[in-house]
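Read the structure below first, then the notes.
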Amino acid sequence: MKILSIVGARPNFMKIKPIYEELKSRKLDQILVHTGQHYDENMSRIFFENLELPKPDVFLGIGSGTHGVQTGAMMSRIEEVLTQEKPDLTLVVGDVNSTLAGAISSIKMQIPVAHVEAGYRSFDMKMPEEINRVLVDRISQLLFAPTEDAVENLMAEGIMKKRIFFVGNIMVETLISHLEKSKKSKILEKLSLEKNSYGILTIHRAENTSDSKKLIEIFKVLSKIENKLIVPLHPRTMKILKDMGYLEKLGRNIIIIEPLGYLDFLALMSNSKFILTDSGGIQEEALMLDIPCITLRENTERIVTLKNDANILVGTNGINLLKAIDDLPNRRIKYPKPPLWDDKVSKRIADVIIEHQELLAL
Ligand code: UD1
C-alpha cells in the first residue's frame with residue numbers, strides 16, 4: 001500500500017512525525033510532500049531538523065499568497081504529483097490551506113483521503129481554518145478524531161459512523177515523545193529567564209492581526225502586566241508591528257523574539273507561568289503541560305481544553321484579558337487529561353488504515 005502525506009505549514013510538521021514513523025515501521029510505501037506554504041527557516045526547516053523528519057520527497061515551493069492564489073497553486077501542483085505517484089491513499093493533517101488543497105486534489109482524482117484531526121469545529125465560518133476543516137471532513141473517507149466532541153460534530157454533519165475513528169490527539173503523541181529532548185534546550189539561559197517567572201504570548205490569527213489597531217490595543221494592555229512576556233512572533237505579526245512603528249514602543253517587559261523551533265518552544269512552554277495565545281495547538285499543549293492558558297479568541301474548536309478552566313477564552317477585550325491574568329493564581333496547577341491523548345495515537349491510525357481498506361473504495 002502506498003500512502004502520500006501532504007504537509008505545508010508549521011503545525012502540520014508536528015502532526016505528521018509520529019504517523020510517518022509508525023507507517024514506516026509497518027513497511028508501507030510512503031511519499032512525503034511539502035507544499036512550501038511555510039518556507040522561512042524558522043517556520044519550516046528547523047521543524048524537520050528538530051523532529052528528525054526526512055527531507056520531503058517532493059517540495060512544491062508554493063509560498064504565500066491570498067487564499068485562492070495559494071490554495072489553487074497548491075492544487076495544480078499536487079495534482080501533478082498524484083498523477084505521477086498514484087498513491088492508494090492521501091493523508092492530510094490539521095486545518096491549514098495545504099490540508100484543504102491536498103484533500104480536494106486527491107478526491108477529484110478518485111484517490112481516497114484520510115484526515116487526521118477530523119471533527120474539530122469552532123462554528124465560526126469567518127475563520128479560514130473552520131472552512132478548511134468542514135470541507136476536508138466532508139470529502140474524507142477515513143476521519144481520525146482527536147476528541148469525543150469531534151466525533152459528535154462529525155455525526156451531526158451526517159458523516160457515516162463507520163468512517164469515524166476516535167484515535168486521540170496526534171500532537172500530544174509528538175509532545176510526549178519530545179519532552180525529554182526539549183530539556184536539553186538552552187532557551188531559558190539564552191533569554192536569561194528563571195523557571196516559572198514569565199508568560200508567553202503567540203498571536204498571528206487573521207482575526208487578531210487584520211485590524212492593526214486592535215493588535216496594538218492588545219499589546220498596550222499587555223504592557224501593564226508585571227511578569228516578563230516572551231513573544232515569539234509570527235512573521236506576519238512582526239511585519240504589522242514594524243509597519244506601525246510599534247516595535248520600539250512595546251513596554252520593557254514585552255520581549256519579542258523570532259519564531260522558535262519545536263524543542264526550544266516546548267522548553268519555553270514547559271517552564272512558563274502562563275500562556276496567552278490565539279493558536280489552536282498551543283491550547284492543547286498548555287493543557288498537557290499543566291500551564292494555565294488564556295486564549296485571545298471568542299471561540300475555540302478545542303472545547304475539551306475549556307474543562308476545569310485549563311483554558312479560558314477572553315476574546316480581544318483588554319479588560320477581560322487583564323482580569324484573566326489577575327486571576328491566574330487561583331487556577332488549578334494540574335489538569336485532568338482528555339481520553340486517548342497519549343503516545344499511541346499513531347498506532348491506532350496505522351491499525352485503522354491497514355485493517356479498514358474496504359473504506360477506501362469510493
Ligand atoms: C497558517 C494556518 C494557520 C496556522 C498557522 C501556523 C491557514 C489558513 N492558516 O497561517 O491555521 O495556525 O499557519 O503558523 O493555512 N509568512 C512568512 N514566512 C513563512 C510563512 C508565512 O513570512 O514561512 C508570512 C507571509 O507574509 C504570509 C503570512 O505569513 O503571507 C501568512 O502565511 P500563511 O501560511 O498564508 O498563513 P499563516 O498565517 O501562517
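For reference, positions follow the sequence shown, starting with 1.
- Ion pairing of E52 with K181 is present here, as a side-chain N (NZ or NE/NH1/NH2) and a carboxylate O approach within less than 4.0 Å.
- In this structure, F13 and F47 have tilted ring planes: the angle between them lies in the 30° to 60° band.
- Side-chain contact check for V96 versus P11: some heavy-atom pair is nearer than 4.5 Å.
- Smallest separation of non-hydrogen atoms from S106 and P112: OG-O, 3.8 Å.
- The CD1 atom of I78 sits 7.0 Å away from the CG atom of L82 when rounded to the nearest 0.5 Å.
- Not a single donor-acceptor pair under 3.5 Å links the side chain of R163 to the backbone N or O of S140.
- E157 is not listed as a side-chain neighbour of R138, based on a closest heavy-atom distance of 4.5 Å or more.
- Q84 is not listed as a side-chain neighbour of E80, based on a closest heavy-atom distance of 4.5 Å or more.
- In this structure the side chain of P232 never reaches within 4.5 angstrom of the side chain of N42, judged on heavy atoms.
- Here the CG-OG distance, from L23 to S346, works out to 8.0 Å after rounding to the nearest 0.5 Å.
- A donor-acceptor pair under 3.5 Å is absent between the side-chain atoms of R302 and the main chain of Y120, judged by distance alone.
- A donor-acceptor pair under 3.5 Å links the side-chain atoms of D278 to the main chain of R205, judged by distance alone.
- Here the side chains of V345 and V172 are not in contact, with every heavy-atom distance at 4.5 Å or above.
- When all heavy atoms of L266 and S182 are compared, the pair lying nearest together is CB-CB, 3.8 Å.
- Salt-bridge formation is not detected for the pair R133/E129: no Lys NZ or Arg NE/NH1/NH2 atom is positioned less than 4.0 Å from an Asp or Glu carboxylate oxygen.
- With hydrogens and angles ignored, the 3.5 Å screen pairs a side-chain donor or acceptor of T174 with a backbone N or O of M14.
- Heavy atoms of other residues, nucleotides or ligands lying less than 6.0 angstrom from CD of E180 number 12 at most.
- In this structure, H234 and H38 have perpendicular ring planes: the angle between them is above 60°, well past the 30° mark.
- In the hydrophobic cluster analysis, where Ile, Leu, Val, Met, Phe, Trp and Tyr join through side-chain heavy atoms closer than 4.5 angstrom, V92 is grouped apart from L142.
- If you chain together hydrophobic residues whose side chains sit under 4.5 Å apart, M238 and I218 fall into the same group.
- V7 and F144 end up in the same hydrophobic cluster when Ile, Leu, Val, Met, Phe, Trp and Tyr side chains are linked at under 4.5 Å.
- Between I111 and E85, every side-chain heavy-atom pair lies at or beyond the 4.5 Å cut-off.
- Put simply, the side chain of H178 reaches to within 4.5 Å of the side chain of L51, judged on heavy atoms.
- Under the 3.5 Å distance criterion, with hydrogens and angles disregarded, a donor-acceptor pair is assigned to the side chains of T300 and Q283.
- Across all their heavy atoms, S212 and I240 have their closest contact at CB-CG2, 3.5 Å.
- Taking CZ of R10 as the reference point, atom CD1 of I46 lies at 11.0 Å (rounded to 0.5 Å).
- For the side chain to side chain contact (heavy atoms under 4.5 Å, CB included) test with L222, the passing option among L322, I325, I203, L250 is I325; the others fail.
- Here the closest non-hydrogen pair linking L143 and A118 is CB-CB, 3.7 Å.
- In terms of heavy atoms, T202 sits closest to S279 at OG1-CB, 4.1 Å.
- E284 and N169 are linked by a side-chain donor-acceptor pair at a separation below 3.5 angstrom, with hydrogens and angles left out of the test.
- A salt bridge is defined here as a Lys NZ or Arg NE, NH1 or NH2 lying under 4.0 Å from an Asp or Glu carboxylate O, and D342 with K347 fails to meet this definition.
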Can you check side chain to side chain contact (heavy atoms under 4.5 Å, CB included) on I312 and N320, steps first, answer last? CA-CA 10 Å; I312 287 174; N320 290 348; over 6 Å; no
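- Hydrophobic clustering of Ile, Leu, Val, Met, Phe, Trp and Tyr side chains at less than 4.5 Å, counting indirect connections, unites L289 with L193.
- Side chain of D290 to backbone of K334: no donor-acceptor contact under 3.5 angstrom is found.
- More than 12 heavy atoms of other residues, nucleotides or ligands sit less than 6.0 Å from atom NZ of K214.
- Taking 4.5 Å as the limit, some side-chain heavy atom of M109 sits within range of a side-chain heavy atom of T83.
- Ionic pairing of K213 and E217 is not present here: no N-O contact between side-chain nitrogen and carboxylate oxygen is shorter than 4.0 angstrom.
- Remark: side-chain polar atoms of S272 are not paired, donor with acceptor, to backbone N or O of G199 under 3.5 angstrom.
- A donor-acceptor pair under 3.5 Å is absent between the side-chain atoms of N227 and the main chain of Y198, judged by distance alone.
- With 3.5 Å as the limit, one finds no donor-acceptor pair spanning the side chains of E117 and H115.
- Between the side chain of K161 and the main chain of I159, no donor-acceptor pair closer than 3.5 Å is present.
- Judged by distance alone, with hydrogens and angles left aside, the side-chain atoms of R236 form a donor-acceptor pair with the main-chain N or O of H204 at under 3.5 Å.
- Surrounding CD of E226 are at most 12 heavy atoms belonging to other residues, nucleotides or ligands under 6.0 Å away.
- The pair D124-K126 meets the salt-bridge criterion, with a side-chain N (NZ, NE, NH1 or NH2) lying under 4.0 Å from an Asp/Glu carboxylate O.
- Taking a 6.0 Å sphere around NZ of K2, one finds it holds more than 12 heavy atoms contributed by other residues, nucleotides or ligands.
- Among D137, D149, D95, the one residue that satisfies the salt bridge (Lys or Arg N to Asp or Glu O under 4.0 Å) test with R121 is D137.
- Between the side chain of E130 and the backbone N or O of F123, at least one donor-acceptor pair lies under 3.5 Å.
- Counting heavy-atom neighbours within 6.0 Å of E194 CD, excluding the residue itself, gives a total of 12 or less.
- Atom CG of L362 has more than 12 neighbouring heavy atoms from other residues, nucleotides or ligands inside a 6.0 Å radius.
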